[in-house]
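What follows is one structure encoded as structure tokens, with my remarks underneath.
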Amino acid sequence: MSIPLSETHDLHTGDVPWSDETWPQFAADQFDHLSVDVAIVGGGIVGAIIGERLASRGMSLAVLDRRIPGSGSTAASTAQVMWAMDVPLTQLAARIGEDEAARRWRRVYKAVRSFGDRIDRLGLHAARAARPTVYLAGNVLGQDALAEEVQMRQRCELPSQFLTASAVASRFGFAARAASVSRGGFEIEPVQLTHALLTRARAKGAKLCSPVDIIALHQLADGVELKAADGRRCRARMVVLATGYERPSLFLPPAFRLHATFAIATPPSTAPLWRERAMVWEAADPYLYVRSDGDGRIIAGGEDIDQAEGIQRDHLIPAKTAVIAAKLEGLLGGRRIAVERRWAATFGSSPDGLPAIGRSAIMPDVWLAAAFGGNGIAFAALAADILERELAGDHDPDLECFDPRRFD
């Protein structure tokens with residue numbers, strides 16, 4: 001009995017706003033007998049960000065996906081690109097010390113800012129819009145604890161400020177609640193950006209092979225052989241596992257867990273209903289997260305559960321999305337909203353809110369880029385920064401911070 005390379009999940013159910021029949025259909029490149037510097041298993045937003053970066057570096061590579069690129073977890077993403085993590089900085093500092101916590105947060109902040117700059121340099125302006133991030137006090141960090149969080153961020157040179165409840169209501173038009181306000185985040189259209197980055201990677205010589213279901217890796221003396229479910233094979237000097245929330249179970253430790261989240265979208269042209277088109281989330285469990293998109297939809301989500309997929313998750317969509325809609329209306333001071341789309345999606349978490357990026361413990365030429373922790377697109381940019389250096393033979397000084405085995 002063989003163990004599959006990665007899990008297979010029903011990654012989203014319902015009516016996601018990024019999924020429609022106008023998605024471009026990439027003509028598949030030849031897979032069998034390919035030989036490349038790097039094979040990236042996974043063609044969602046993580047694989048696309050890494051693939052574009054490595055192709056621009058001059059590496060020969062292939063991006064392999066069992067689905068249409070961007071149609072898995074990427075299509076269900078609410079696409080808030082933020083540098084703040086689910087585990088607050090003060091709580092992470094209590095575990096590992098303020099210096100080490102700051103080191104990790106600053107590195108994610110740097111990755112997000114660099115990624116935004118890169119999108120602009122590539123001319124993909126329609127795919128990104130800079131927004132302030134409003135982090136509202138809740139049952140995880142109340143007003144006083146949130147003020148301490150902001151003070152620590154400021155000590156760590158992270159751009160945040162504390163606002164009282166009345167100041168939040170005055171500036172943004174939300175129901176009054178204390179918050180931190182941060183700069184440096186932005187929103188994207190995830191499928192559009194995935195396809196744009198893959199197109200750029202192909203223009204640099206990358207191969208895009210889909211659908212190709214990679215089921216096994218075999219270590220060779222000079223690299224790795226990749227075997228597909230239909231028996232075809234290719235070789236790569238190095239492999240990057242960017243399989244999203246379909247975990248490569250032999251390579252990713254069990255501390256990186258799966259859950260489900262729920263989300264809604266209003267009809268286009270609903271926004272703006274608050275000022276500065278800020279991205280919003282709560283220091284709460286469960287928390288609400290909210291943004292608007294370029295078409296004027298309001299996208300909101302939350303109400304996470306531990307059932308990552310299946311009938312139980314899907315049956316909860318009406319009830320969970322009704323709660324999200326009610327919370328959103330409360331945030332907007334009681335203004336009613338119309339809900340056009342509702343969906344559920346699988347996502348991953350980690351104990352410290354940070355991703356798994358690093359070399360496999362069992363195959364030396366296999367690397368993980370698992371953007372677990374609730375901030376997947378930011379972590380994809382971080383993985384691209386680290387892997388660009390590591391795969392070129394230049395050690396990244398922060399690699400140990402995101403080692404997949406750090407919880408062993």
Side-chain angles (χ1 to χ4, degrees), residues 5-7 37-42 44-54 57 59 61 63-64 73 83 85-87 92 95-97 100-112 114-115 214 217 219 223-224 226 236-258 347-408:
L5 173 64
S6 63
E7 300 167 343
D37 291 331
V38 182
I40 300 173
V41 182
I45 188 67
V46 180
I49 291 172
I50 296 170
E52 188 279 327
R53 187 78 63 85
L54 298 183
R57 181 99 180 195
M59 297 181 184
L61 65 99
V63 180
L64 318 170
S73 295
W83 48 263
M85 271 69 79
D86 281 0
V87 176
L92 184 61
R95 300 181 194 178
I96 64 174
E100 283 299 316
R103 176 186 176 190
R104 289 152 175 77
W105 274 56
R106 280 196 297 262
R107 185 60 193 271
V108 175
Y109 170 71
K110 179 182 177 182
V112 169
S114 296
F115 180 49
I214 302 300
L217 304 178
Q219 184 70 52
V224 180
L226 298 89
R237 186 166 57 89
M238 290 170 285
V239 172
V240 175
L241 298 178
T243 59
Y245 300 132
E246 294 183 310
R247 296 174 295 190
S249 54
L250 285 177
F251 296 89
L252 189 66
F256 296 89
R257 300 176 58 223
L258 295 179
F347 78 100
S349 70
S350 67
D352 58 3
L354 295 167
I357 303 168
R359 191 187 295 270
S360 158
I362 57 176
M363 295 181 70
D365 296 321
V366 175
W367 291 75
L368 280 84
F372 281 53
N375 207 350
I377 299 171
F379 296 155
L382 172 66
D385 287 349
I386 292 173
L387 293 175
E388 181 181 17
R389 299 185 65 173
E390 289 285 336
L391 299 189
D394 182 13
H395 178 63
D396 190 290
D398 295 325
L399 180 63
E400 64 178 347
C401 297
F402 311 104
D403 189 326
R405 293 161 288 178
R406 64 187 180 272
F407 306 116
D408 290 353

Minimal heavy-atom distance between Ala242 and Ile40, with the atoms involved, is CB-CG2, 4.1 Å

Inter-residue atom distance Cys401.SG - Leu382.CG, 0.5 Å rounding: 9.5 Å

Would you give the length of the straight line joining atom CD1 of Ile362 to atom CZ of Arg359, rounded to the nearest 0.5 angstrom? 13.5 Å

Shortest non-hydrogen contact from Ala380 to Ile49? CB-CD1, 3.6 Å

Ionic contact status for Glu400 with Arg104, cut-off 4.0 Å: no

Find the distance between CZ (Arg247) and CG (Leu5) and round it off to the nearest 0.5 Å. 13.5 Å

Worked check of ring-ring contact (aromatic ring centres under 6.0 Å, His included) between Phe407 and Phe256: CA-CA 10 Å; Phe407 306 116; Phe256 296 89; 5.7 Å; yes

Which atom names give the shortest non-hydrogen contact between Ile377 and Phe115, and what distance separates them? CG2-CE2, 4.0 Å

Side chains of Leu391 and Val240: closer than 4.5 Å at any heavy-atom pair? yes

To the nearest 0.5 Å, how far apart are CG in Leu368 and OG in Ser360? 6.5 Å

Taking side-chain hydrogen bond (donor to acceptor under 3.5 Å, both in side chains) as the definition, give me every residue that meets it alongside Arg237, ordered by chain and number, with sequence neighbours left out. none

Taking the six-membered ring for Trp and the single ring otherwise, decide whether the centroids of Phe347 and Phe372 are under 6.0 Å apart. no

Give a yes or no on whether the backbone of Gly223 and the side-chain of Gln219 come within a donor-acceptor separation of less than 3.5 Å. yes

Using a strict cut-off of less than 4.0 Å between a Lys/Arg side-chain nitrogen and an Asp/Glu carboxylate oxygen, indicate whether Asp396 and Arg107 qualify as a salt bridge. yes

When every non-hydrogen atom of Ala39 is compared with those of Leu64, the smallest separation belongs to CB-CD1, 4.4 Å

Side chain of Arg406, backbone of Asp403: donor and acceptor closer than 3.5 Å? yes

Of all heavy-atom pairs between Glu246 and Glu7, which one has the smallest distance, and what is that distance? CB-O, 3.0 Å

Quick one: list whatever passes side-chain hydrogen bond (donor to acceptor under 3.5 Å, both in side chains) with Ser350, sequence neighbours left out. Asp352

Shortest non-hydrogen contact from Ala371 toward Tyr245: O-OH, 3.5 Å

Got Leu226 and Val239 here, is their nearest side-chain heavy-atom distance under 4.5 Å? yes

Can you tell me how far apart CG (Leu54) and CE (Met238) are? Round to the nearest 0.5 Å. 8.5 Å

State the CD1-CG distance between Ile357 and Leu354, to the nearest 0.5 angstrom. 9.0 Å

